[in-house]
Amino acid sequence: MRLYEFEGKQLFKKAGIPVAEGQLAASAEEAYDVVARLEQPVALKAQVLTGGRGKAGGIRLVDGANEARTEATELFGLTIKGFPVRKLLIEPKFSVKQEYYLGVTIDRANYKLVVIGSGEGGVDIEETAEKSPEKIVRKTFSIGEPMYTFDALAIARKIGIPQDLGKKAAAIIVSLFKLFKQYDAKLVEINPLVLTDEHELMAADSRVSLDDDAVFRHPELADLGIEKRHEEGEMTPREQQATEWGIPYLDLDGTIGMFPGGAGFGIMGNDFIHYYGGKPANFMDSGGGPKPERIAKMLVLLDENPNVKAIFGARFGGISRCDDFAKGVIMFLKDHGLSKPMVMRMTGNMWQEGVKIFEEAKEAEPELFKHIEFHGIETPIEEISKRAVELAREGGN
Amino acid sequence: MRLYEFEGKQLFKKAGIPVAEGQLAASAEEAYDVVARLEQPVALKAQVLTGGRGKAGGIRLVDGANEARTEATELFGLTIKGFPVRKLLIEPKFSVKQEYYLGVTIDRANYKLVVIGSGEGGVDIEETAEKSPEKIVRKTFSIGEPMYTFDALAIARKIGIPQDLGKKAAAIIVSLFKLFKQYDAKLVEINPLVLTDEHELMAADSRVSLDDDAVFRHPELADLGIEKRHEEGEMTPREQQATEWGIPYLDLDGTIGMFPGGAGFGIMGNDFIHYYGGKPANFMDSGGGPKPERIAKMLVLLDENPNVKAIFGARFGGISRCDDFAKGVIMFLKDHGLSKPMVMRMTGNMWQEGVKIFEEAKEAEPELFKHIEFHGIETPIEEISKRAVELAREGGN
Amino acid sequence: MAILVDKNSKVLVQGITGGAGTFHTERMIAYGTNIVGGVTPGKGGQTVAERPVFDTVEECIEQTGADVSVIFLPAHFVKEAAIEAIRAGIRFLVVIPEHIPIHDMLYVREEAVKHGTTVIGGNTAGIITPGEANLGIMPDIAFKPGRVGTVSRSGSITYYVADTLTRTDYGQSTCVGLGGDPVLGSTFAEILLKFEEDDKTKAVVMCGEIGGVYEEKATEAISRMKTPVLAMVGGVFAPPGKRMGHAGAIVEGKMGTAKEKLEMLADAGAHACKTFKDIPETLGRLGV
Amino acid sequence: MAILVDKNSKVLVQGITGGAGTFHTERMIAYGTNIVGGVTPGKGGQTVAERPVFDTVEECIEQTGADVSVIFLPAHFVKEAAIEAIRAGIRFLVVIPEHIPIHDMLYVREEAVKHGTTVIGGNTAGIITPGEANLGIMPDIAFKPGRVGTVSRSGSITYYVADTLTRTDYGQSTCVGLGGDPVLGSTFAEILLKFEEDDKTKAVVMCGEIGGVYEEKATEAISRMKTPVLAMVGGVFAPPGKRMGHAGAIVEGKMGTAKEKLEMLADAGAHACKTFKDIPETLGRLGV
């Protein structure tokens with residue numbers, strides 16, 4: 001769960017990390033009011049859940065309230081990497097003598113926390129890391145290990161923080177590390193940490209990503225107004241519909257409706273369609289052990305998509321059960337009806353029960369099943385993939 | 001720093017450990033009022049900083065307010081192992097089906113925390129430990145290691161907590177362990193942990209000792225009214241005087257006033273006096289690096305003690321400095337004057353400066369020094385000890 | 001022989017009294033898995049599927065000699081349950097639940113390394129040594145005893161690979177679900193090296209996918225192995241995933257696309273497969 | 001030879017810019033101790049007694065090659081300073097301050113054991129290898145180079161013992177102040193075994209006192225040693241100390257009176273001494 005800059009800075013402030021005193025504006029008029037009150041040059045910063053904001057023109061420096069209104073109006077018209085600008089963070093302008101980088105993240109390959117620092121902060125930090133790795137300082141920690149001031153002092157020294165600011169920088173680094181652990185973060189970054197002309201250190205930006213799976217144990221975040229949010233850019237109406245239904249779904253530009261079981265084969269099944277010359281119309285994941293209602297909704301999304309010419313169905317019951325799967329498909333057929341050709345394969349846990357449910361339903365109402373070609377474990381999934389591509393070609397004619 | 005039962009129970013309650021709802025009384029009238037309000041049988045429990053309260057008659061079970069006044073009057077007249085009873089904890093009486101023991105302490109030899117449990121709690125737990133060690137369950141933890149519920153469940157099972165109360169007992173054990181770490185404890189004990197007829201677990205007594213050297217980082221204790229206190233039993237007037245002056249001091253029943261430097265030789269010097277046939281009148285410790293004022297006060301305590309026939313002085317300057325020591329002795333001689341014979345030896349850090357200060361002072365006012373026999377490193381301390389015994393014998397004549 | 005579990009493994013189920021725990025315990029027993037007991041704190045003394053339930057793993061081990069555990073518990077109980085199992089002496093632990101907090105898994109991994117315990121998951125379908133033991137949620141129908149090992153991040157891919165090997169009569173020695181979570185109890189490299197030491201395993205199929213770092217970290221192991229490794233990586237036609245900030249790029253290097261991962265694995269000596277039917281073809285060519 | 005420190009030890013002082021730090025640094029240098037630098041966070045770049053001051057131990061070691069550290073800091077800074085020194089690679093650490101929180105010392109000890117660092121103190125007078133290095137607050141006058149090692153919980157007892165050995169011409173190989181705090185960085189047993197391995201040390205005088213557990217825990221080491229051990233224990237005529245509740249009795253066993261401690265040490269093979277002058281007499285009898 002990625003936080004907005006202003007949310008990250010709220011956490012920074014609570015942790016004692018110095019940030020500028022910022023204010024939010026949700027409209028150009030609000031921006032005007034804030035700047036009129038402040039009576040000093042400010043930065044208007046678009047709040048979006050993506051990087052590259054600066055390069056996309058998402059930050060404007062303005063000297064007065066009228067200018068602020070004009071620039072804010074422009075900013076609110078921007079969409080940065082698919083994210084429309086809905087809020088601005090307005091901060092007093094400050095001078096920059098030097099920019100540092102500080103970050104904490106997880107080294108998954110080595111199961112450690114890593115603190116990273118550099119004397120060359122800013123947007124080109126990754127380039128620095130690649131071209132001049134010696135300019136990047138790293139220190140790894142076990143998850144249970146505290147960071148001490150001396151660890152942080154060493155980092156501050158190595159990235160070239162002026163000696164007389166060493167203890168202040170160390171306090172920032174220790175706080176950042178504690179914050180990382182306290183909120184179950186996946187990433188916290190201060191980029192840049194700025195040294196101002198007044199010889200003060202300040203976090204000029206924040207990037208905080210928390211572990212969605214651990215948010216449940218941080219009710220204090222909700223108290224700060226920080227809640228789970230959709231982190232993608234703008235969604236298509238179908239993606240919005242899927243999100244409301246709790247189904248991970250992504251529109252693609254092909255013609256085959258993908259109705260696979262499990263995230264793993266959800267990804268690889270798409271490759272298979274490509275290998276056989278087709279193009280998927282979507283990504284979709286049923287989640288673990290889907291109930292019949294959810295299965296039915298997944299099919300609705302595909303059947304109602306005009307781009308879909310044929311549906312590829314695959315279910316290998318594991319944590320999910322074939323009986324529930326069969327019930328879901330039948331629920332869809334009865335309540336909604338299938339208008340596209342569909343080829344599917346079903347096997348795995350409870351397959352006998354699933355097949356029985358299918359057969360009984362088909363015997364009762366055979367016309368519901370007329371577009372479905374049904375297979376079991378005897379048919380390799382490659383054949384199903386091929387057949388889906390054929391059906392889509394036929395349907396496309 | 002040992003806490004009173006009621007203070008320990010405050011901490012227990014905050015930690016979620018079940019205790020009886022108790023009330024304090026500082027007089028027999030208060031006890032009467034409390035019991036009159038409660039209208040149920042209660043226990044009156046003398047609050048003293050020592051064990052063995054029950055055997056000394058410090059706990060009384062009463063059924064009504066009048067009986068409470070009578071018994072409380074008796075309790076307030078008691079002195080238990082030197083501790084006068086100043087407060088009573090009044091708790092509703094409860095039935096006891098079984099008594100368990102739970103404790104956490106430090107195993108100094110192995111540098112570990114130890115959790116101890118037994119199915120046979122109560123006053124005879126030490127005897128149980130000695131005679132039936134198999135009835136004592138121990139589990140050791142590194143200082144940085146958390147205790148998990150499964151650790152606690154295992155302890156609960158092994159000491160025979162009924163299975164259906166296992167999770168409740170585990171929660172108590174985990175809380176006790178956390179409390180130990182949270183407050184820098186040296187010891188926390190629940191003895192007994194009681195299983196009532198109502199099948200509830202409850203901490204029937206508390207024993208909590210905190211590390212004096214860590215109290216500074218627990219200001220929350222002061223918020224609970226828990227502050228550093230004198231933990232000895234009743235003091236002699238001289239001990240009270242020394243305590244006010246911040247000097248560790250204990251009256252003994254001999255005739256030689258002990259004026260040693262350092263706690264180590266403070267203890268061993270007393271042995272020396274015994275070896276040479278004398279008896280010390282006191283223990284005393286100057287503390288590390290005493291200032292002249294403190295040295296002077298130490299001598300005042302000895303000179304004004306009518307039991308003291310002679311004074312044994314020893315200073316081996318380490319963290320303490322001989323110049324400060326000499327200044328302190330001279331301060332005493334000038335401001336107060338020495339009425340007893342004294343033999344002393346002074347050497348160690350800054351001894352040249354110390355000797356010079358003495359010699360100059362003696363040259364200026366020789367009569368002040370008439371009772372002092374002064375030695376340096378050339379005289380073994382055994383000779384000084386012997387001489388002090390001789391002087392005391394002479395003085396005793 | 002097989003890796004990690006076989007018919008002699010004495011298996012306990014943590015969370016046996018829960019819905020999924022009970023359901024899959026019965027399935028595992030029906031398969032012939034040697035389930036000896038279960039643990040649910042506070043439910044000691046009960047019985048599930050004729051197996052005794054204990055309050056603690058320690059007690060279960062004392063009473064049943066269990067040496068392997070499968071966890072079926074809500075995600076936020078996993079950390080403590082896993083640490084309990086590891087400390088009590090369980091040598092192999094299967095973590096079925098998904099959505100386990102990442103920091104929790106780092107604690108679990110640290111404890112596992114300290115005690116020499118192998119952990120797979122979270123978010124794994126489990127592990128099966130066909131004909132001997134089935135731990136987790138894998139569908140029996142896909143598997144039969146044989147000579148190829150599999151290790152995969154995805155349950156469904158495991159089933160399809162096994163299904164293919166079953167149909168072509170290679171069968172499986174052991175199939176290991178590495179798990180789908182971002183931080184896993186074991187890496188590809190660690191499981192591959194276990195297969196390398198197993199006499200019964202004549203080849204290994206490893207199935208990775210776009211994202212994560214565990215495929216890249218397997219190359220060194222593959223280059224040292226004598227047992228042939230076949231590799232599939234899902235997501236060749238998927239859009240690139242998201243980066244974890246600059247720090248992610250600095251720590252984990254370039255974003256591993258499926259194509260790059262597959263190339264790295266092939267460079268290390270693995271035999272790349274595109275679809276499942278490439279697997280028996282490759283095995284045939286290698287004379288397995 | 002000597003133990004723990006000698007003239008080649010490169011010593012840094014943590015807290016060198018404080019009052020006691022500066023005073024004793026000058027004293028130690030005057031004695032000839034090879035003090036190479038100091039550390040006070042935030043004071044890097046300054047100079048004390050012509051020695052450079054650094055912000056971190058790591059930097060001090062990089063610049064000066066320091067391998068031993070003496071801490072002169074307020075008690076509540078000791079934990080972090082000690083852990084810093086230990087992690088930075090200091091092999092021997094002297095903790096002068098008293099009143100260090102006990103839990104802090106448990107953390108320090110754990111870290112020390114993990115890194116193989118020897119720690120003495122808190123509340124120690126320090127350590128001296130006469131003629132080579134004097135670390136801490138010990139008065140030079142008491143010491144001279146020689147062949148008897150001493151280890152004591154009390155500073156003043158160390159001085160008296162050394163004074164006695166100096167007067168009788170035995171001199172000292174190294175004198176170690178174990179420290180007076182309830183939980184100490186090293187035990188008697190550990191220091192005794194270091195003396196056992198030192199060629200120059202022909203006998204060791206150990207001085208314990210009433211209370212605590214470190215004397216009792218030394219018996220096994222003493223019984224294994226070839227180097228003769230002389231033992232004094234203070235407090236034979238002191239009233240018995242206080243117990244740490246029932247738990248103390250259960251964990252630490254019977255309350256160790258001075259008399260009992262002395263008997264246990266004698267049973268293990270130590271030569272009991274009552275007053276300091278018994279020491280040269282005993283050494284003479286043993287032909288040291």
Side-chain angles (χ1 to χ4, degrees), chain B residues 51 101 103-109 111-114 116 125-126 129 136 138 142-144 181 184 186-187 189 191 207 209 211-214 216-217 250 260-268 270-275 280 283 288-289 314 316-319 347-349 351 377 380-382 385, chain D residues 20 27 75-76 96 98-104 106-107 109-110 113 123 125 137-142 152-160 163-164 167 180 182-183 187 207 209-210 212-214 216-217 232 234-239 244-252 258 274-277:
Chain B
Y101 170 89
V104 186
T105 191
I106 296 168
D107 178 352
R108 290 181 286 174
Y111 299 91
K112 298 283 181 194
L113 308 188
V114 196
I116 304 162
I125 180 70
E126 286 184 38
I136 304 285
R138 295 155 199 247
S142 296
I143 180 71
K181 293 221 271 195
D184 272 289
K186 296 190 290 185
L187 169 79
E189 277 181 338
N191 188 31
R207 178 151 183 186
S209 280
D211 180 359
D212 293 88
D213 293 332
F216 74 91
R217 60 186 169 201
L250 201 58
F265 191 65
I267 291 169
M268 198 179 271
N270 275 34
D271 292 349
F272 279 32
I273 294 297
H274 277 275
Y275 291 144
F283 265 114
F316 215 129
I319 191 89
T347 183
N349 282 341
W351 65 274
I377 197 162
I381 192 72
E382 283 89 346
S385 312
Chain D
R27 272 192 58 248
H76 59 287
I96 304 296
E98 61 181 335
H99 296 306
I100 300 163
I102 295 176
H103 290 212
D104 287 5
L106 293 178
Y107 279 104
R109 168 76 183 190
E110 196 165 281
V113 169
N123 191 11
I137 58 173
M138 293 198 195
D140 313 350
I141 187 174
S152 167
R153 271 164 69 187
S154 145
S156 54
I157 303 291
T158 300
Y159 314 154
Y160 284 110
D163 173 11
T164 306
R167 184 179 300 110
V183 170
T187 63
C207 304
E209 65 187 43
I210 189 171
V213 290
Y214 296 113
E216 285 84 343
K217 296 287 164 185
M232 295 183 76
V236 173
F237 291 91
M244 187 54 75
H246 297 302
I250 295 169
V251 171
E252 300 188 342
K274 282 168 83 174
T275 69
F276 304 123
K277 71 178 174 45

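The chains referred to below are lettered A, B, ... by the order of the sequence lines, with proteins before strands, and numbering in each begins at 1. Below, all heavy atoms of this structure are taken into account, side chains as well, without hydrogens, waters or symmetry copies.
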Which heavy atom in B:Asp213 sits nearest to a heavy atom in D:Pro101, and how many Å separate them? O-CG, 3.4 Å
Once rounded to the nearest 0.5 Å, what's the spacing between atom OG1 of B:Thr347 and atom CD1 of D:Ile141? 3.5 Å
Could you pull out all residues at least two apart from B:Ser385 that satisfy side-chain hydrogen bond (donor to acceptor under 3.5 Å, both in side chains)? none
Exercise: identify the closest heavy-atom pair between B:Phe216 and D:His76: CZ-CB, 3.2 Å
Heavy-atom closest pair, residues B:Gly264 and D:Glu209: CA-OE1, 3.8 Å
Mind telling me whether D:Tyr160 and B:Phe316 have parallel, tilted or perpendicular rings, with 30° and 60° as the class edges? perpendicular
From the list D:Ile102, D:Val213, D:Val113, the residue making the most non-hydrogen contacts under 4.5 Å with chain B is D:Ile102
For each of B:Gly144, B:Gly103, B:Gly318, tally heavy-atom pairs with chain D at distances under 4.5 Å, and name the one with the top tally. B:Gly318
Grab the two heavy atoms, one from B:Met268 and one from D:Met232, that are nearest each other, plus how far apart they are. SD-CE, 3.5 Å
Can you list everything that forms a salt bridge (charged side-chain N to carboxylate O under 4.0 Å, His left out) with B:Asp271? Sequence neighbours excluded, please. none
Would you mind telling me which of B:Ile106, B:Ile136, B:Val104, B:Ile273 has the largest number of heavy-atom pairs within less than 4.5 Å of chain D? B:Ile106
Most contacts with chain B, counted as non-hydrogen pairs under 4.5 angstrom, among D:Ala258, D:Gly155, D:Gly235: D:Gly235
Only pairs of heavy atoms separated by less than 4.5 Å count here; which of D:Ala20, D:Ala125, D:Pro139, D:Ser152 has the most with chain B? D:Pro139
